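Just so it is clear, the model here is predicted, and its values are computed rather than measured. Chain A is the first sequence line, chain B the second, and so forth, proteins listed ahead of strands; every chain is numbered from 1.
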Number of protein chains: 2
Amino acid sequence: MSPYDPSAFPPFAVTVDLVVLTVRRHALCALVVRRGEQPFQGRWALPGGFVRGDEDLGAAAARELAEETGLCAHDPAAPGVDNGAHLEQLATYGDPQRDPRMRVVSVAHLVLAPDLPAPRAGGDANSARWAPVDELLESADQASAGLAFDHARILADGVERARSKIEYSSLATAFCPPEFTVGELRRVYEAVWGVALDPRNFHRKVTGTPGFLVPAGGTTTRQGGRPAQLFRAGGATLLNPPMLRPEV
Amino acid sequence: MSPYDPSAFPPFAVTVDLVVLTVRRHALCALVVRRGEQPFQGRWALPGGFVRGDEDLGAAAARELAEETGLCAHDPAAPGVDNGAHLEQLATYGDPQRDPRMRVVSVAHLVLAPDLPAPRAGGDANSARWAPVDELLESADQASAGLAFDHARILADGVERARSKIEYSSLATAFCPPEFTVGELRRVYEAVWGVALDPRNFHRKVTGTPGFLVPAGGTTTRQGGRPAQLFRAGGATLLNPPMLRPEV
DNA sequence: ATCATAGTCGTCTGCCTGACGATAAACAGA
DNA sequence: TCTGTTTATCGTCAGGCAGACGACTATGAT
């Protein structure tokens with residue numbers, strides 16, 4: 001067997017970009033970093049970087065995530081300890097013009113994380129911050145104010161994926177700490193979907209779906225009001241029947 | 001602005017692989033081509049090829065599809081005439097070991113096509129054929145009998161995407177000719193899901209979902225029995241509420 | 001004429017959901 | 001201590017949809 005003739009195909013650079021979402025102060029937020037170099041110097045962008053020569057795509061995404069946030073991602077496709085965020089592949093973007101310097105194909109990944117520490121800037125970024133996605137996507141309309149490259153499009157795709165995926169999977173728990181209350185979970189849905197949900201119907205629904213939640217045994221009053229039972233995420237990953245997003 | 005230093009990142013080859021699905025004789029089938037060269041010479045594989053230097057990923061997939069089948073794909077992401085099959089990006093596979101010759105990242109695409117012509121072999125393939133996906137995925141378990149590379153995994157992912165996507169979208173109509181009957185559409189669902197559906201409830205459901213089907217005006221008896229009304233796909237792409245796949 | 005096949009319309013029942021009312025258990029401030 | 005506020009949790013009720021299935025219709029085949 002002979003190796004490929006390197007002149008038979010054009011060389012590409014392959015990167016991973018991360019859409020890291022969390023819920024902070026009742027708003028869906030994404031992690032963005034400020035670009036330290038051209039092009040788009042000084043503009044905000046999604047974190048990301050080159051895939052190494054001997055590295056799988058998911059591993060590259062997990063490495064970038066750890067470098068930027070310290071989070072230990074848990075890719076459901078690969079076995080491992082679930083002591084961190086949810087990570088999954090989102091989509092791949094390869095428009096020939098998407099990077100003015102050369103041909104770059106970017107494999108975007110989606111990360112859902114609980115509201116944890118302040119982000120730490122790392123690598124080639126001057127700084128990093130959590131920004132509400134509404135804000136990031138609004139400014140995308142104004143020329144030269146939005147995210148660098150095609151990152152607004154990638155972010156929009158990631159947000160849409162998250163919005164639809166918490167409908168039919170138990171993934172909303174990835175936004176919560178290990179132990180959480182029904183009310184905290186409801187506020188996650190409300191922030192991601194941008195709607196208000198009836199607390200009574202929501203409570204009936206999630207506690208009645210087998211495998212979604214398992215009681216953790218304690219109670220908490222960290223949200224004020226009457227003490228609420230603590231739950232952990234159950235084993236079920238697919239919700240049947242799904243949570244229903246209210247009509248527009 | 002300076003170009004990247006080419007030594008700063010490893011070079012990749014980028015390919016597209018196609019999971020082309022259709023329904024033939026009550027079975028979900030995929031298009032496979034026989035490999036004419038090493039590695040995996042003589043084994044069946046998904047059609048695919050290198051992405052050109054100035055070509056977008058979706059365009060590369062559409063080009064490969066046309067070369068292999070003559071089908072004119074319609075990518076919903078790009079405007080164009082819908083005179084052919086449905087095409088969408090599936091996922092990207094980049095395990096460093098997936099091709100023994102060099103580092104290849106493959107952006108897999110999913111195509112849903114009506115049962116049309118016999119496949120035409122093209123390019124570097126000795127031949128091409130439609131094979132039932134059950135058959136292809138069963139033989140994947142036996143060593144050195146399944147598809148080349150990681151194509152069994154890619155096919156499985158594509159089939160799973162199709163199975164879940166016809167639940168909440170009108171995509172099942174992509175398996176049908178431009179005009180079709182409710183019974184033909186039901187047989188598509190039955191073949192893709194591998195279950196039997198109640199004809200009466202199915203009829204009530206699809207004709208009662210606004211925007212799913214629009215009457216085409218005629219009838220046909222090509223399936224035997226009483227003449228059936230002909231329909232065309234309606235404008236709706238998302239079904240709300242969705243079609244429900246029966247429990248296991 | 002009879003049968004087999006496929007399509008279409010209805011009925012009934014159970015379950016789920018949305019829209020509430022009502023109660024419980026904490027804390028804050030008067 | 002009492003009262004109001006906040007949040008959690010349980011219950012009730014009506015409407016809608018899905019599964020199960022009966023009934024009838026319109027073709028072609030024997």
Below 4.0 angstrom from OP1 or OP2 of [N], is there any side-chain N or O of [X]?
X	N	value
B/K205	D/dA18	yes
B/R226	C/dA4	no
B/R186	C/dG7	yes

[N] [atom2] sits how many Å from [X] [atom1], rounded?
X	N	atom1	atom2	answer
B/D198	C/dT8	CG	P	14 Å
A/F180	D/dA8	CZ	P	13 Å
A/L244	C/dC15	CG	C1'	13 Å
A/Q229	C/dA24	CD	P	17 Å
A/Q223	C/dA24	CD	P	23 Å
A/L213	D/dT9	CG	P	11 Å
A/H203	D/dG11	NE2	C1'	13 Å
B/R245	D/dA18	CZ	P	16 Å

* To do: Would you mind telling me which of C/dA6, C/dT17, D/dA26 lies closest to the side-chain atoms of B/P227?
  =>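 So the nucleotide nearest the side chain must be D/dA26.
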* Which one, D/dC21, C/dC16, D/dT9, comes nearest to the side chain of A/P241? ->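 Between D/dC21, C/dC16, D/dT9, the one nearest the side chain of A/P241 would be C/dC16.
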* Is there a donor-acceptor contact under 3.5 Å linking the side chains of A/Y93 and A/D157? ->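 Checked: A/Y93/A/D157 side chains pair up, N/O donor to acceptor below 3.5 Å.
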* Check B/L46 against B/H151 and note the closest heavy-atom contact, atom names and distance. => N-ND1, 3.0 Å
* To do: Please tell me which of B/G225 and A/V182 maps to the more 5' nucleotide of DNA chain D, matching each residue to the nucleotide holding its nearest heavy atom.
  => A/V182
* To do: Test B/L21 against B/L28 for side chain to side chain contact (heavy atoms under 4.5 Å, CB included), laying out the working first.
  => CA-CA 7 Å; B/L21 299 180; B/L28 183 63; 4.1 Å; yes
* Is there a donor N/O on one and an acceptor N/O on the other, under 3.5 Å, for the side chain of A/R204 and the base of C/dG18? -> yes
* With no angle test and no hydrogens, is the base of C/dG10 tied to the side chain of B/R200 by a donor-acceptor pair under 3.5 Å? -> no
* With B/R25 as the cation and B/W130 as the aromatic partner, state whether NZ or CZ is under 6.0 Å from the six-membered ring centre and within 45° of the axis. =>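 Cation-pi check for B/R25 and B/W130: fails.
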* To do: Using the closest heavy atom to pick a nucleotide of DNA chain C for each, name whichever of B/R187 or B/N201 lands nearer the 5' end.
  => B/R187
* Asked: With a 4.5 Å heavy-atom cut-off, do A/V195 and A/Y189 have their side chains touching?
  -> no
